[in-house]
Amino acid sequence: MAVVLTILKILGIILLVILGLLLLLLLLVLFVPIRYRLKGGYNEEYFGAEVNVRWLIFRVLGSYTKSDGLKVRAKAAWFTVYKLDGREEARKETEHILNPENPENPENALPPPEKETGDQKKAAEDETETVEVFGDGKPESKSGDKAKKKKGRRKSGALEKKDKQKETAGAKPEVLEGEVENESKEEFLDKLEEMWDKLETKMNHISSFLAKDFTERTIERGKKLLKKVFLHLKPTKGRVDLALGLGSSADTGIMLGKIARFYPLYGRWLFITPDFYYKRLEADGDIKGRIRIGSLAIPGLIFILRKDTRRTIKLAKKI
C-alpha cells in the first residue's frame with residue numbers, strides 16, 4: 001500500500017509541475033509585450049526604413065534601402081532561423097539568367113528564320129514542276145496533279161457548305177421582330193422586379209435586425225472594444241520630424257491648416273517644419289511601441305462569450 005501511495009505522490013508532483021509550466025507559458029504569451037521599433041528617413045537623395053520586433057527569445061530585423069534592397073533576419077535566441085538579402089538574391093538571379101547553359105539566356109536564343117527571296121521561291125516552284133518521262137514519252141508532274149486534286153476537293157467542299165447553309169436558312173421558321181423584342185422586354189422586366197423584391201426583403205430583414213435591443217448593445221460594446229484596441233496599438237514613444245513645402249506660401253498654409261485638424265492624434269510625436277518658399281519634402285522618424293496579446297485577447301474573448309453577442313451572430317447568419 002505504501003508503494004502505491006508513493007507512486008501516486010510522484011505522479012501528482014509531475015502533473016503539478018507540468019500544469020505549472022503550462023500556466024507559466026500561458027502567462028508569458030498573454031502578458032509579455034511584443035516590442036517594436038520603426039526608424040526611417042526620406043529626402044531627395046535617400047530613402048530607407050528599419051524595423052525591429054522583439055518578443056521573449058525571438059527577434060525580427062528588417063531594413064530597406066535603394067542601394068541594398070530588402071534585408072530580413074529572424075532569430076531565436078542566438079540562432080538565425082530565416083535570412084533574406086535582397087541584393088544577394090538579385091545578384092543570384094542575374095547570374096542564373098546570364099548562365100551560358102540556361103535556355104532563358106538571351107544569347108542562347110535561336111536566330112529568326114530567314115525569309116525566302118524571289119529567286120528562291122522560283123527555284124522551289126521549278127523543282128515541284130519537275131517532270132518524269134516514261135517509255136511512252138508522255139510527261140507527268142506529281143506535285144501539279146496533287147495540287148489540282150486538292151483544289152478540286154476544296155471547291156466541292158465549299159459548294160456543299162453553301163448548299164447546306166441555304167437549306168438551313170430556308171428551313172428556319174419566320175418570326176416577327178416585334179414579337180421577339182416584346183418577349184425580351186417582358187423577361188427583363190420580370191427579372192428586374194424579382195431582383196427588387198429580393199432586395200426589399202433583405203433591407204427589411206436588416207432594419208429589423210438592427211432594431212433589436214441586443215444588437216444595439218452588441219454594436220456599442222464593439223465600438224468601445226475597437227477604441228481600446230486602437231489606443232493599445234498606438235506608439236508609446238517616438239518622434240517624427242517633417243519638413244514640408246509646396247513651392248507656394250498659400251498652398252503650404254492651406255495644407256498646414258488641413259493637417260492641424262488632426263492635431264490631437266499626432267501632437268505628441270509629429271513635428272512639422274513648414275517651408276513657404278521652396279518645394280520640399282523631408283522626413284525623419286523613430287517610433288517605439290509595445291503590444292500585449294492579453295490586453296487584446298481577454299477583452300475580445302469576453303466580448304464573444306456575452307449572450308448578446310452570440311444572439312447577434314446567430315441572427316446575422318439567418319439574414
Side-chain angles (χ1 to χ4, degrees), residues 16 18-40 49 51-60 62 74 76 194-240 242 255-272 283 285-319:
L16 287 174
I18 294 171
L19 290 175
L21 291 174
L22 291 175
L23 181 61
L24 178 62
L25 181 62
L26 180 62
L27 292 175
L28 288 174
V29 170
L30 291 177
F31 296 105
V32 173
I34 301 172
R35 300 182 183 276
Y36 64 88
R37 184 174 184 179
L38 305 176
K39 295 176 67 177
V51 181
N52 186 355
V53 181
R54 293 182 290 117
W55 182 66
L56 293 176
I57 61 172
F58 304 101
R59 189 174 184 180
V60 178
E194 185 178 357
M195 290 173 62
W196 176 254
D197 293 337
K198 288 181 180 179
L199 180 61
E200 191 174 5
T201 305
K202 185 75 71 175
M203 293 300 294
N204 291 332
H205 289 168
I206 293 172
S207 60
S208 61
F209 166 74
L210 295 175
K212 300 288 184 182
D213 295 336
F214 58 86
T215 305
E216 292 178 354
R217 290 194 295 268
T218 302
I219 292 172
E220 290 297 326
R221 293 192 185 104
K223 290 179 180 178
K224 292 179 181 179
L225 180 62
L226 289 175
K227 187 177 180 181
K228 288 181 181 179
V229 170
F230 177 75
L231 292 174
H232 183 73
L233 296 176
K234 191 172 67 171
T236 55
K237 294 180 181 180
R239 180 185 177 92
V240 177
L242 179 65
M255 181 58 68
L256 289 174
K258 292 179 179 179
I259 296 174
R261 298 176 184 176
F262 307 97
Y263 181 80
L265 298 176
Y266 66 80
R268 294 183 179 180
W269 52 271
L270 180 61
F271 300 91
I272 302 174
D286 187 358
I287 296 175
K288 299 178 182 179
R290 61 175 182 265
I291 302 171
R292 287 189 177 90
I293 298 175
S295 301
L296 302 177
I298 293 174
L301 185 62
I302 294 171
F303 175 76
I304 292 172
L305 293 178
R306 285 183 178 276
K307 186 178 179 180
D308 292 340
T309 306
R310 288 187 279 110
R311 290 178 66 187
T312 303
I313 294 172
K314 187 176 180 180
L315 185 59
K317 291 180 179 179
K318 294 180 181 180
I319 296 176

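No hydrogens, no waters, no symmetry mates; every other heavy atom, side chains included, goes into these values. All residue numbers in this chain count up from 1 along the given sequence. Keep in mind the model is a prediction, meaning the values are calculated, not measured.
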For [X], give me all partners under side chain to side chain donor-acceptor pair (under 3.5 Å), at least two apart in sequence or on another chain.
X: T309; value: none
X: T215; value: none
X: R59; value: N52

Do you know which two heavy atoms are closest between [X] and [Y], and how far apart they sit?
X: L305; Y: R310; value: O-NE, 3.5 Å
X: G222; Y: F303; value: N-CE1, 3.6 Å
X: E216; Y: L210; value: CG-O, 3.6 Å
X: D197; Y: T201; value: O-OG1, 2.8 Å

Could you tell me which residues satisfy side chain to side chain contact (heavy atoms under 4.5 Å, CB included) with K237, sequence neighbours excluded, listed by chain and number?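 Scan of K237 (side chain to side chain contact (heavy atoms under 4.5 Å, CB included), adjacent residues dropped) gives K288.
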
At what distance, to the nearest 0.5 angstrom, does CG of L21 lie from CG of L26?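 CG of L26 is found 12.5 Å from CG of L21.
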
From CZ (R239) to CD1 (I287), nearest 0.5 Å: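 Reported to 0.5 Å precision, the distance equals 12.0 Å.
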
Residues in salt bridge (Lys or Arg N to Asp or Glu O under 4.0 Å) with E200, at least two apart?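 Per chain and number, E200 pairs via salt bridge (Lys or Arg N to Asp or Glu O under 4.0 Å) with no residue.
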
Which donor-acceptor pairs under 3.5 Å do side chains of residues 28-40 form with protein atoms, sequence neighbours excluded?
unit_1: Y36; atom_1: OH; unit_2: L233; atom_2: O; d: 3.2
unit_1: R37; atom_1: NE; unit_2: D286; atom_2: OD1; d: 3.1
unit_1: R37; atom_1: NH2; unit_2: D286; atom_2: OD2; d: 2.7

